[in-house]
Amino acid sequence: MKPYESPEKYMTLPRQARGKLGSGGFFQHSTFIVWIPALAYALAFSLRTFQGPVVNHLEVAVPTPLARTFTYLADSPVPPGMRVLVPFGRRRVVGVALGPAQAELEAGTQLKKIEKILDDTPSYSETVLAIARWISTYYMHPLGEVLRTMLPASSEKVAKDLLALTPEGEQARSAASTSEGQFLKLLFGKKKTEMSYGAALGKSKRLAGEATIGSDAFTVRQLVKSGLVVKRRGSTMRAREMQTEEVERAPEPLSPAQRGVAPELRPAQRQAVDRICQALRPTRDGSPAAESKVFLLHGVTGSGKTEVYIQLIEEVLKESGHQALLLVPEISLTPQMTQVFERRFPGIVAVVHSAMTDIARWQELQRIRAGTARILIGPRSAVFGPFGKLALILVDEEHDGSYKQSTGLTYNGRDVAVLRGKLEKAAVVLGSATPSMESYQNALAGRYELLEMPERVTGRPLPEINIIPCEKKRGLGTVVKAHSARPHADDVQADERDDIPIDPKILEALEQNRLAGRQAIVLVNRRGYAYYLFSLQERQAVPCPNCSISLTLHARSTVLRCHYCDYKTTVERIVAERPGDTLIAVGYGSQKAEDCLAAKLPKARITRLDSDIVVDREVLPKVLEKFRRGDIDILVGTQILAKGHDFPNVTLIVILEVDQLLNLPDFRAGERTFQLIVQAAGRAGRADLPGKVLIQTVRAENPLVLAALEQDYKGFAASELKFRRAHEYPPFTRMIAIEINGPHKPRLETLCTQMERWQDELAVKQPNLAAKVRILGPSVPPIETIRGRHRRTVIFSSGDLQALRTVSQAFVTAFGKLPPKVRLRIDVDPQSLI
DNA sequence: AGCACGCCGACT
DNA sequence: GTCGGCGTGCTC
Ligand SMILES: [Zn+2]
C-alpha cells in the first residue's frame with residue numbers, strides 16, 4: 001500500500017489496507033483533537049434540519065478551473081476538511097467537504113450523492129482550510145485547485161503522446177538533403193529526437209502557414225506514413241532522484257562539542273533572539289503565543305542569521321510538541337545547508353525539496369504530521385506542511401523570487417507564511433541581507449518589527465569591490481543614427497572590431513587569479529530577447545514617459561515600446577529629439593562576453609551555466625560539483641550563481657552586465673541589481689583568502705552601485721522607495737497582471753480591442769471605481785511569443801486593494817468566455833512582468 | 001481542465 | 001465509408 005498513490009486507486013483496496021495509512025488525513029493534528037469538532041459538527045448538522053432546505057446538502061470543493069463549489073447529497077454529516085469521492089460530469093474526482101451548503105440552488109438542479117468518504121479524520125485542519133480560502137480569494141484561484149496544490153503532489157503523471165524520430169528520420173534530418181529532412185530539422189530542432197505530439201501538430205501547422213524557407217511543409221500524418229517519425233504513447237516519467245538526495249540522512253555520532261554548545265552570540269544576535277523569544281512565549285494553556293508577530297531580520301551577509309535561527313528553534317523545542325518551519329529558496333536547499341540543522345537537531349529534522357520522489361516527500365511530511373519531526377525545511381510549498389503545533393516560521397532570504405510561484409496558483413510562499421503565522425498564532429521571522437521593498441516598507445510602517453544585525457561575525461572579511469568604469473562604450477551595442485537605426489548583427493560586428501565587451505583590466509585579473517590557482521565566477525544576464533536604447537549623455541536607458549521603465553526595441557525593428565502601458569515611439573523620433581546625444585542599442589544579454597572570455601583567456605577552463613538549467617535536475621548539481629572539485633577555472637552564469645552556493649576557492653567575482661540589469665524593463669530592476677551585487681560580495685573569498693569583486697559599468701557614479709559597494713541597504717532602500725512611491729509601484733500599490741495568450745494573433749488583437757473598450761466603459765459606468773485603479777495595456781510583453789503562443793498583458797494596480805480586486809474580478813468575469821484556444825492567466829503580486 | 005458530442009475533410 | 005482533428009458545451 002503506497003500512500004502517495006491516487007485515492008481512486010486505494011479506494012478499491014480493502015478497508016484494512018487503508019488502515020495502514022495511519023487512518024489519517026494529511027493535515028490532521030491528532031485523533032483526539034479532531035473528533036471533538038466532528039461531534040460538534042454532527043450536532044450542528046442535524047440542527048440545520050429545522051432551519052431550512054440545507055438538509056444533507058454538503059458543499060464540496062472540486063478540483064476544476066471553475067470558480068465555484070458544488071453541492072452534493074450526503075447520507076451522514078461530513079466534517080469540513082474530509083476528502084470525498086464524488087461524481088463530477090462523466091468522471092469521478094476527489095473533492096473536499098467544506099460544510100453544509102449555504103447557497104441557494106438553481107431551480108431544477110439534480111443533486112448527486114457523495115460516493116465515498118476518503119478520510120477517517122479530516123485531511124485539512126480548520127486552519128489549513130482557512131488558509132486555502134484566503135489563498136483562493138486573494139490569488140483568484142478556484143478553491144478546489146488550491147486545496148489540491150496544498151497536498152503533496154501525487155505521482156499520477158499524465159502520459160502524454162509523443163512524436164519520435166525513427167532512425168530513418170534522424171538520418172534524413174542530419175542529411176537535410178530532402179525537403180522532409182529539412183522540415184524535420186525545423187520541427188524537432190537540431191538535437192532532439194522526440195517531442196510532444198500536440199506540440200508537433202501545432203508547430204507543423206504553423207510552419208506550413210508561414211510559407212517557410214523554400215522547404216515544403218508536411219503534415220504529421222504524412223511524416224508518420226513515410227516512416228520518418230512514429231507516434232508513441234508517452235511513458236509516465238518519474239521524477240529522478242537527485243544524487244545528493246542519497247546523502248546519508250543519519251549523521252555519524254557527534255562529539256558533544258560538535259553537536260552543540262551554541263556559539264557565543266554577539267550582542268545584535270542576542271538581541272534579535274531575545275526579542276523574538278518574547279513573541280514565542282507560550283500562553284498558560286500550552287498553545288502557541290496568543291498573537292502572531294512578524295519580524296524582519298535584516299542581517300548583513302555573515303552576520304550569523306543561521307545561528308539566530310538555530311537558537312530560536314531550540315526555544316521552540318522546549319515546548320512539548322511545538323514545531324518550526326524553515327523556508328529556504330529552492331536553490332539554497334542543498335545537503336550542506338540542511339546538514340547544519342540535522343547536526344544540531346539530530347533525528348527531528350524533516351526536509352522536502354522538489355527533486356525528491358513523491359514517496360520520499362510524503363514520508364518526510366508524514367514525520368511532521370506525526371510529530372516525530374519537529375522542524376521542516378523546504379522550499380515555498382513547505383508552507384503548506386501538515387503541522388500539529390506550528391510555533392515559528394522562518395523565511396530565509398525572504399526577498400528571493402523563488403518564493404513566488406509563477407504558473408497556476410501564483411502564490412508567494414513568504415506571504416502565505418505570514419498569513420499562516422497569523423492564523424496559527426506563530427511567530428514569523430523574515431530574514432535577509434537585502435529585504436524586499438515590500439517587507440521593508442511593512443517594517444517602516446510598523447506592521448513588522450525590524451531587527452538589525454549590521455555586524456559581520458564570521459571570519460570572512462568583506463571583499464574588495466572595484467568598479468571598472470568603461471571609458472569606451474565597451475561593446476555595449478550599436479550606435480544608432482536616424483538612418484540606420486536597426487540593431488543588426490552585422491552592424492554590431494562592424495562596429496566592434498576593436499571594441500571588446502570586457503575591460504582588459506578584468507581579463508588581466510581573471511588571468512592572474514587563475515595563475516594563482518584560484519577560481520572565478522563571471523555573472524552575466526540571460527541571453528537576450530530585446531534591446532534598450534542607452535543615452536550616453538544621460539547615462540541611462542530611454543524610459544517610458546508614463547511608466548519610467550526602459551523602452552524596449554526588438555531586432556529588425558525601429559519601434560520602441562513600453563511593455564507596461566504599450567506606449568510606442570520610434571528610434572528616429574528619439575534621435576531627432578536628442579540632438580548631440582549618442583544613443584546605443586544595447587542587448588539585455590548576449591553571447592559576446594562569453595565568446596570574448598574564451599578568445600582572450602585560451603588557457604582557462606570556462607563553463608557556462610544558464611538559469612534555464614535550474615529546472616534540469618541533472619545538469620546543475622553536476623556542473624557545480626565539477627566546479628567545486630576545481631575542474632573549472634571560470635564559471636560563467638546568471639544570477640543563480642550568486643545565490644546559495646559556497647565555493648571556498650572562489651576569490652574573484654566579476655559582474656559584467658550591470659548596466660543591462662539596471663535597465664531591464666521592470667520596476668524592480670534596481671532592487672534586483674542591488675541584491676545581486678550585495679550577494680556577490682558575500683560570496684567572494686573566505687577567512688584566510690580575501691576575495692575581490694569587479695563590476696563593469698558605463699556609469700561608475702550610479703548611486704545604486706555605490707550604495708551596494710558600501711553595503712548601504714538603508715541608503716538604497718530610501719531612494720528606491722522614493723522611486724516606487726513617485727511612480728505608484730509596489731509596495732505603495734498592489735498589482736495584478738493578467739496575461740492572455742493564444743496561437744492566433746489576429747484573434748488576440750481583437751480581444752485586446754474589446755479589453756480597451758471594456759476599460760472605456762468602466763470609466764463611464766463606474767467613474768469612482770475606475771479612478772482608483774490604474775490599468776495599463778493590453779500591451780505586448782518583451783517576450784512576445786512563447787512556444788507558438790502570442791501574449792498580451794494587462795496590468796492593474798492600485799493603493800486600494802478592495803478596488804483593485806473589484807475591478808480585476810469584473811474584468812475576469814467580463815472575459816470569462818474567451819475565443820477558442822485563448823487562455824487567461826492571473827498573476828497577483830507578480831514578481832516579474834517579462 | 002477533462003470529457004463527450006457532433007461536424008467535417010482526407011485516406012483505406 | 002470511418003478516423004482523427006477541432007469547436008462547443010457542461011460539470012452539483
Ligand atoms: Zn509605459
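Here is how names work: the chains are called A, B, and so on, in the same order as the sequence lines, proteins then strands, and each is numbered from 1. Just so it is clear, the values below take in all heavy atoms, side chains as well, and ignore hydrogens, waters and symmetry mates.
- Contact check, Tyr197(A) against dG4(C): no side-chain N or O comes under 4.0 Å of OP1 or OP2.
- Distance Arg92(A) CZ to dA1(B) P: 23 Å, rounded to the nearest Å.
- Leu409(A) has its CG atom 15 Å from the C1' atom of dA1(B), to the nearest Å.
- Along DNA chain C, the nucleotide nearest to Lys231(A) and the one nearest to Pro820(A) differ in position, and the one closer to the 5' end is contacted by Lys231(A).
- Counting any heavy atom pair closer than 4.0 Å across all strands shown, Glu106(A) reaches no nucleic acid atom.
- Atom CG of Leu66(A) is separated from atom C1' of dC10(C) by 9 Å (rounded to the nearest Å).
- For the pair Arg148(A) (side chain) and Val62(A) (backbone), a donor-acceptor distance under 3.5 Å is absent.
- Between the C1' atom of dC11(B) and the CG atom of Leu223(A) lies a distance of 16 Å, rounded to the nearest Å.
- Tyr72(A) comes within 4.0 angstrom of sugar-phosphate atoms only, judged by non-hydrogen atoms across all strands, and of no base.
- Atom CG of Leu143(A) and atom C1' of dT11(C) are 17 Å apart (whole Å).
- As rounded to whole Å, 14 Å separates atom C1' of dT11(C) from atom CG of Leu105(A).
- Residue contacts shown for Pro87(A) are limited to sugar-phosphate atoms, with no base heavy atom under 4.0 Å away.
- For the pair Arg91(A) and Phe88(A), the cation-pi criterion (under 6.0 Å, within 45° of the ring axis) is not fulfilled.
- Ring-plane geometry between Trp134(A) and Tyr138(A) is classed as parallel, the angle between the planes falling under 30 degrees on a 0 to 90 degree scale with a further cut at 60.
- A residue-by-residue look at Lys225(A) and Pro65(A) shows that Pro65(A) has its nearest nucleotide of DNA chain B further toward the 5' end.
- Distance from the side chain of Leu201(A) is smallest for dG5(C) among the nucleotides dG2(B), dC12(C), dG5(C).
- At a cut-off of 3.5 angstrom, the base of dC12(C) holds at least one donor-acceptor pair with the side chain of Arg68(A).
- Classification of the Tyr411(A)-Tyr139(A) ring pair by plane angle, with boundaries at 30° and 60°, yields perpendicular.
- Here the P atom of nucleotide dC5(B) and the CZ atom of Arg90(A) are 6 Å apart, to the nearest Å.
- In this structure, Arg221(A) atom CZ and dG9(B) atom C1' are separated by 9 Å, rounded to whole Å.
- For the pair Lys113(A) and Tyr72(A), the cation-pi test (distance below 6.0 Å, angle within 45°) is failed.
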